[in-house]
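Structure first, commentary second.
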Protein chains: 2
Amino acid sequence: MKKQTITIYDVARESGVSMATVSRVVNGNDNVKPETKEKVLAVIENLNYHPNAVARGLASKKTTTIGVIIPSVTNLFFSALALGIDDIASMYDYNIILTNSDGNEEKELKVLETLRSKQVDGIIYMGNKITEDFRSMLNNMRTPMVLAGSIDHENKIPSVNIDYKQAVFTQTCELINNGNKKISFISGSLDWPINKNYRLAGYKQALKKFGIEYDESLVISTKQDYKSGYLLSSKIKNSNISAAVVSDDELAAGVLNGVVDSGMRVPEDFEVATSNDTMITEFTRPTMSTISQPLYDMGAVSMRLLTKLMNDDVVDDNNVLLNFSLKKRNSTK
Amino acid sequence: MKKQTITIYDVARESGVSMATVSRVVNGNDNVKPETKEKVLAVIENLNYHPNAVARGLASKKTTTIGVIIPSVTNLFFSALALGIDDIASMYDYNIILTNSDGNEEKELKVLETLRSKQVDGIIYMGNKITEDFRSMLNNMRTPMVLAGSIDHENKIPSVNIDYKQAVFTQTCELINNGNKKISFISGSLDWPINKNYRLAGYKQALKKFGIEYDESLVISTKQDYKSGYLLSSKIKNSNISAAVVSDDELAAGVLNGVVDSGMRVPEDFEVATSNDTMITEFTRPTMSTISQPLYDMGAVSMRLLTKLMNDDVVDDNNVLLNFSLKKRNSTK
DNA sequence: TTGAAAGCGCTAACAT
DNA sequence: ATGTTAGCGCTTTCAA
């Protein structure tokens, strides 16, 4: 016995109506007499009919699927955004094709091609840098995209972020107010616009405000993970740095634990302020002071924005900035 | 100007061959004369043709998409698996539709229906409990599924796990060997087979081996998150419990920090052993001793298994158990 | 090695 | 309120 697929045609035949009517019932179109509707519904139940979204996608040119590009699902910053994205997506009856890019530009390009072939209705991009190849491919495909927690240095693609520059500026000011003269700026690659053009810029601005000279040797750019942060401790210990602004929580946890394990007291000898308010900030001892930002909401808002873009709704603000605040915990004075 | 889609038909016309030949070229079928192939490839390039995977899916009844059900992407245990899944999936040219179930059984059911309609070629399930409704719907749809880091109490669905019972058994034995008499078992819901039938069973077995009487009051079942763990400290402090086996790292971090913040010393006054070897175990102070398991590999292997199932390959072992070990850190003696 | 043609299961005019 | 019909863009026999 071959597996026999029940189609809309079978339902139509069995209920003595046309395919169009069945389609209307399935899609909740009101133009169906209640009795007809009931009859069709009964047949659907009997025949155990299940709509085929692929066929629907081909016919309607809408897949109700969106693509989500993420550096890694294991990154708590991005996964928090992804959760917000998925929640709103399912609220609007979209599904998500999720692909890890590993921050690899070639892979991002390949993923984008796949998303195009799968005819996604829209894309949410999380990542560190929009390359020119990526941008031109995107322009070529006419699929709406929004950036979530991610920066396009040309600021052309719709996005949802916080004001990273202002946030780091404020944070650095606090550290200066706490009496620190030598504050290190520790981040992932400075090749990423978010680090170079926003965070570092905020850091510099704060120094300037207080008339502190910018010292490039205090800027540390490294791989953005726990271990890299941890390994910074000897460098820090052998310097006169008394505080650090760190661009990522995992990295900051590494710095914190490394510094503590090397015998320094935090925050007495060394203060660390981090960026993302993920749960990591609560796990460490001392807990970490951080920029507080609505991660889930950033994802949710970006997905909401994408639904508007997909509907060609009017959008008043293509580059949304959500509010942030500073959350004082125990790694700063 | 309307957006004009370039189809395989256009390519065929322009290159003076049939659609079938273009299809062969696009799909890397060898039965094409090299010259023909080149010609077609050139036209594809010129016309900027991009295959439509939706149409392909409808015609071939294969979508090269699999569904992944996950409690939450923000859970480090599951997201580590998800990363392994995605890597292997993309290696085999599959994409992933990722949906968060929030551990909600109704939502899981709804998701399953969506995955059916989207015609996924296979499904990977991560979660706490397979309900009967879920199982019957799955049986009804004939789509292969494998469980990753998740238990089917009937053990009918292919799966990839470690031997949780043996792991907790060993772990508990160590704690007993360290001199503990009153060891608490702390986990999420005991309604989940993985907790009740495996972890708790391993715990009991260890007690039995050492002739320690099982005391139900030492079994704590709670919401599986940091805060719930943290709030357990007063209960623990006002007892004579000297150690705990915890079923989740976030939960364990809560227990650890709560206990420490309430003035107890870890591991001197209280030992805690956790389950998943996520990065959280490195973040806390003291770091946490844990069952060590190959999270990424569990995801990877489950995806690999799924590819075999989708191909109707022979599978020698439907219920894979990967090796675990015990990793001693500083939260135990 | 290549082509012709019949679907895949559905939607969306358009007509009634 | 309902039916007819022409696709959507591709794969896949089958034949040549």
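Lettering follows sequence order; numbering is per chain, from 1. All values below come from the heavy atoms of this structure, side chains included, with hydrogens, waters and symmetry mates left out.
Residue-level contact check: B:Asn31 touches the bases, meaning some heavy atom is under 4.0 Å from a base atom.
For the pair B:Glu113 and B:Lys110, the salt-bridge criterion is not met [side-chain N within less than 4.0 Å of a carboxylate O]. Ionic pairing of A:Arg24 and A:Asp30 is not present here: no N-O contact between side-chain nitrogen and carboxylate oxygen is shorter than 4.0 angstrom.
Residue pairs meeting the ring-ring contact (aromatic ring centres under 6.0 Å, His included) criterion with at least one member in residues 50-107 of chain B: none, sequence neighbours excluded.
The nucleotide whose nearest atom lies closest to any side-chain atom of B:Arg24 is, among C:dG9, D:dG9, C:dG3, C:dG3. Of all nucleotides listed (C:dT1, C:dT11, D:dG9), D:dG9 comes nearest to the side chain of B:Ala59.
In this structure, B:Ile8 and A:Thr36 both approach DNA chain D, and ranking their closest nucleotides by distance from the 5' end singles out A:Thr36.
Contact annotation: B:Ser23 does not reach the phosphate of D:dT12 (side-chain N/O to OP1 or OP2, under 4.0 Å).
Within residues 12-22 of chain A, the residues having any heavy atom under 4.0 Å from DNA chain D are, by residue number, A:Gly16, A:Val17, A:Ser18, A:Ala20, A:Thr21.
Applying the side chain to side chain donor-acceptor pair (under 3.5 Å) test between B:Lys118 and each of A:Thr63, A:Thr65, A:Asn52 identifies A:Thr65 as the sole match.
B:Ser72 and B:Thr74 share a side-chain donor-acceptor pair at under 3.5 Å.
Contact detail for B:Leu306 and B:Gly122: the closest heavy-atom pair is CD2-C, 4.0 Å.
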